[in-house]
Every structure is written in C-alpha cells, then in structure tokens.
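Just below is one structure, and these are the notes that go with it.
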Amino acid sequence: MKYLKFILPLVIFSLSVSAQTTIRQDAAIKQMVDEVSSKNIEAIVRKLVSFKSRHTLSDTTSKTEGSGAARNWIKAEYERYAKESGGRMTVQFDTFTQAKSARVLTPTRLKNVLATLKGTDPNDTRIYIVSGHYDSRITDVMNANAEEPGANDDASGTAVSMELARVMAKRSFPATIVFMAVVGEEQGLDGSANVAKRAKNEKWNIDAMLNNDIVGNTHGMDNDLKDNMHVRVFTEGIPSIAAGNERTINSLITNGGEDDSPSRELGRYIKETSERYVDQLDVKLIYRRDRFLRGGDHTSFQKEGFTAVRFTEMNEDFTRQHQNIRTENGINYGDLPDFVDYNYVQKVARMNLSVLANLALAPASPQNVIVLTSGLTNNTDLKWDDPKEGKKPAGYYVLMRETTSPYWERKTFVSGNSVKLDYSKDNYFFAVQAVDAEGHESLPIYPKPGR
Ligand SMILES: [Zn+2]
C-alpha cells in the first residue's frame, strides 16, 4: 500500500491502517474473539449434516431428518445460548408462505430462525445482522429428499451465526444484534428476501448485514493450492437501490463516489477491524456484488436499501458444491463435512465477531456529512452533525485517501463537528466516522456535496 507523503496540520491522533506497529485492541472484544471455538463449529456443522437433507422443500414432519428437524434443532440451540443472556436474547421462527416460483412449485410455508440480542441502550435503534443459510441442495435443485449434506454450503455460514450467538449472548451491547439462519437461499434467496422486506416495512434500522456463505474450504480444485490466510468480502459499488434512480446515478457520474457506497465502506471497515483482532488474516476486498453465476442473501438486503456484504472462502472447490455425492473419473464429488477446514471457519467467525462487536459498541454514524462546495478552492471543508441517537461520541475520525486507493490512508481525530484541511477536495476522497473514548468506530459516512 502507498502512503500519503505529508503530515496533516490537524492531526491529533493519526494512524495508517497497515502501518501500525502496536495494534489497538479492546480486551473485551479480543476475549470474545478467542472464545469462538473450531470444536463447537465442527459439532454444529456435523449435526446439521446429520439431518441428511436440509433442502427447502424436504420433509418437515420427521424428528430426525429434513428441513423441519434441522430448523427445530437450530431454534433449540439458540434458545440454549439465550439462557445466558439474562432475558435479552429472544428466539423466533420467521414464518412466511413462499409464493409459487421457478424453484418452489406450490406455495410453501417456510421458516427462518432468528435470535435477537436486544441492545441495552433504549435510545439506540441500530441493528446488526449476521447470517448463514441452513438449506442445502445437490445437482438437481428440485431434488428435495436425497443425501444433501451442504457442509460448506452453507452449514459453515450457519455455524458462524450460531457460534457467535453463543459467545455474544453473555455480553451486552448498546445496539441490537440479530443472528440469523435462513431458508430458501438455493431456491431463490427466499428466506433472506422475506426478512429484508419485513425489515423495510417495519422500518428496522439495520446498519450492516454480514452474509456468510461458503466459508469453510481452504484448497482449490487442484488440491495443492491451500489458502487459509485470505477471506473474500464482496461489496457492491453502485448501490442496488440506485438502479433506475436517475438523480443518484447522475450524481455518481458527476461527482464520483461509486467506490464509496455504504457496502464498500463496510468492506473497508471489515478489513481494518478484523485484521486488528484476527491473526494470520489478509482480508481480500472484492469490488463486485458476488461471483459470476452465483448470488447470495446479502443481495436481498441490498435490494431493500440496506448495507450488506458477503464473506466467502478464497478458493472455491466446485466439486464440493451443489453436487450429488459420487465418484466419477477418480474425483470425489459432494459437500461433505470431512472437507471443511474448521480452523478456517473459526477464523471467519472471529472476523465477523470483531466487526459486529466493534460496531455494536460504537456510537452511531454522524449525520448530514457535507463537503462544502460553495466555492472554487484548493482545500477541503467538511462538516457533520452528531449521531441522531445513542451515546454521544468522544469525537470523529476524518478518513482520507488517494482517489485511486482502495483503502483509507489517513485517519485524523477531530473533536468538533467540522474540519478544514489544506488538501484539495478535488484530489482525495474523504469520509467521517464517530468514535467513542475506547476507540470503537462507527461506519464511515461519505460526504455529500453541499453548502
Ligand atoms: Zn450458499
């Protein structure tokens, strides 16, 4: 990474993300990160696989097999974790009728499982969501009751959600955290679409949604390329909700900022925060909504206007996804639990935890962040309002980077609600985040031009 070769005049506290030698950690967050256990994660994945099929349209009457038994077990596990929360964690099925669609041939009652850890600040309505999908599939997406282990896709992501609920239920945060296991992903993102639409209708104040899907395999298809260091975080550039919105699109064309969507800001935040807490991790930000030919539950939330990202392993092994279990030409196909690297899922879970905890402990983001464009000048005037809810921040970080850099390169502490920088607004990108006395940062807000 390149660093800006100057000192900002207003620097009180400044650091370059990757240039830090002493990493500032919150001991309480580090403790939670350390409690995330690969053994628990493995037990969850193997238990989910034991239901034989978790296909969305599989049997719901058996106590031991099929989607019904699986969702009941997930709910009971969340309820077990909730006992440690002093009544703050509640568990519910989010039940809905999926209308007839290409992959659901008759209207079908489906159930997501949601565990909600209520925030402790009554004046803070922020919600953070971590999610995995518990349904599975094989080669034929309509074959519901075969052997469909779905260990990596996506018992691994479901296990991330569940293990985080276990660790975090014992702790309190000013903001609310929802641990989700959704159904119907393989049939068309059905479960996540239902939660996202409900959230929109009920005006949930979702600040960030983290989707974990296929987070457990560490080797590529040639088997000798092992990578347990990198985790991909997919972010969208132009927000999904900007589609068809001529004003937003025209503003992006005129002013730039297509790499500063809320999803991209969340991606950068994830890289900085999780590398602060998780050893031997190099987060790979992918500036793309998802992989080619694939989709995921984050997109259901993006389409409703929420900030969301997808976590996925670095090298996918497509012989292990969406495949009938079989051996063909000496190749073993099938998404089996023996091929999941549980230490790697643990790493991904720890990333998610550090981000959720840091966000849920932080003040809310500043409001009305404006870069003044009333005159032609070679400097930058930024102003903003305090967060509209929750605790008052100790101050703000003004972030700065070269327009061609993917990462923030300068971080300047400001105690008031405005700053004047002797660097041209035309030549750099800026954002502002709120920070509390312990150093927990809100998501950064990219300024709008204004007066
Ligand atoms: Zn999946």
Side-chain angles (χ1 to χ4, degrees), residues 41 44-45 48-49 51 53-58 67 70-71 74 98 101-104 110 112-113 129-144 146-163 179-196 209-218 221 231-234 236 286 288-303 308-325 333-337 339-341 344-345 348-349 352:
I41 288 167
I44 292 168
V45 170
L48 288 169
V49 170
F51 295 108
S53 172
R54 302 185 313 278
H55 191 284
T56 298
L57 307 175
S58 63
S67 178
R71 71 197 181 197
I74 295 168
Q98 176 57 41
S101 66
R103 291 179 173 184
V104 178
L110 301 178
N112 300 310
V113 195
I129 297 180
V130 56
S131 183
H133 71 84
Y134 72 83
D135 62 309
S136 63
R137 64 166 286 186
I138 48 173
T139 309
D140 174 4
V141 71
M142 299 308 291
N143 185 345
E147 189 95 30
E148 316 199 12
N152 190 24
D153 185 11
D154 184 33
S156 66
T158 305
V160 167
S161 237
M162 294 176 68
E163 176 64 356
F179 307 86
M180 214 159 70
V182 295
V183 69
E185 196 272 349
E186 306 289 8
Q187 308 311 112
L189 313 183
D190 300 336
S192 57
N194 189 68
V195 181
M209 183 273 189
L210 311 180
N211 175 29
N212 290 271
D213 195 352
I214 310 182
V215 291
N217 167 63
T218 47
M221 290 207 279
V231 178
R232 288 181 293 173
V233 175
F234 288 84
E236 64 175 6
I286 307 291
R288 171 171 279 153
R289 183 203 266 176
D290 210 322
R291 301 101 76 235
F292 284 110
L293 304 175
R294 294 292 175 95
D297 293 318
H298 55 304
T299 298
S300 295
F301 284 78
Q302 290 167 340
K303 284 184 170 167
V309 299
R310 174 186 186 129
F311 290 73
T312 297
E313 65 204 23
M314 192 63 206
N315 294 302
E316 290 177 80
D317 183 344
F318 295 105
T319 63
R320 306 250 161 264
Q321 296 175 23
H322 304 185
Q323 295 284 352
N324 292 346
I325 301 167
Y333 290 87
D335 191 355
L336 295 160
F339 298 105
V340 172
D341 180 337
Y344 182 74
V345 187
V348 176
N352 277 263

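All ligand and atom numbering here is 1-based and tracks the order in the structure.
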The number of protein N, O or S atoms lying under 2.8 Å from the Zn ion (ligand 1) is 4
d(Asn315 CG, Arg232 CZ) to nearest 0.5 Å is 7.5 Å
Just wondering, do Asp153 and Glu186 contact through their side chains at under 4.5 Å, heavy atoms? yes
**Message:** Pair Ser131, Val182 - check side-chain contact (heavy atoms from CB on, under 4.5 Å), show working.
**Reply:** CA-CA 7 Å; Ser131 183; Val182 295; 4.1 Å; yes
Value for OH (Tyr134) from OG1 (Thr56), rounded to nearest 0.5 Å, stands at 7.0 Å
Only residue of His298, Glu185, Gln302 satisfying side chain to side chain contact (heavy atoms under 4.5 Å, CB included) with Asn211 is His298
**Item:** side-chain contact (heavy atoms from CB on, under 4.5 Å) assessment of Glu163 paired with Val345
**Value:** CA-CA 10 Å; Glu163 176 64 356; Val345 187; over 6 Å; no
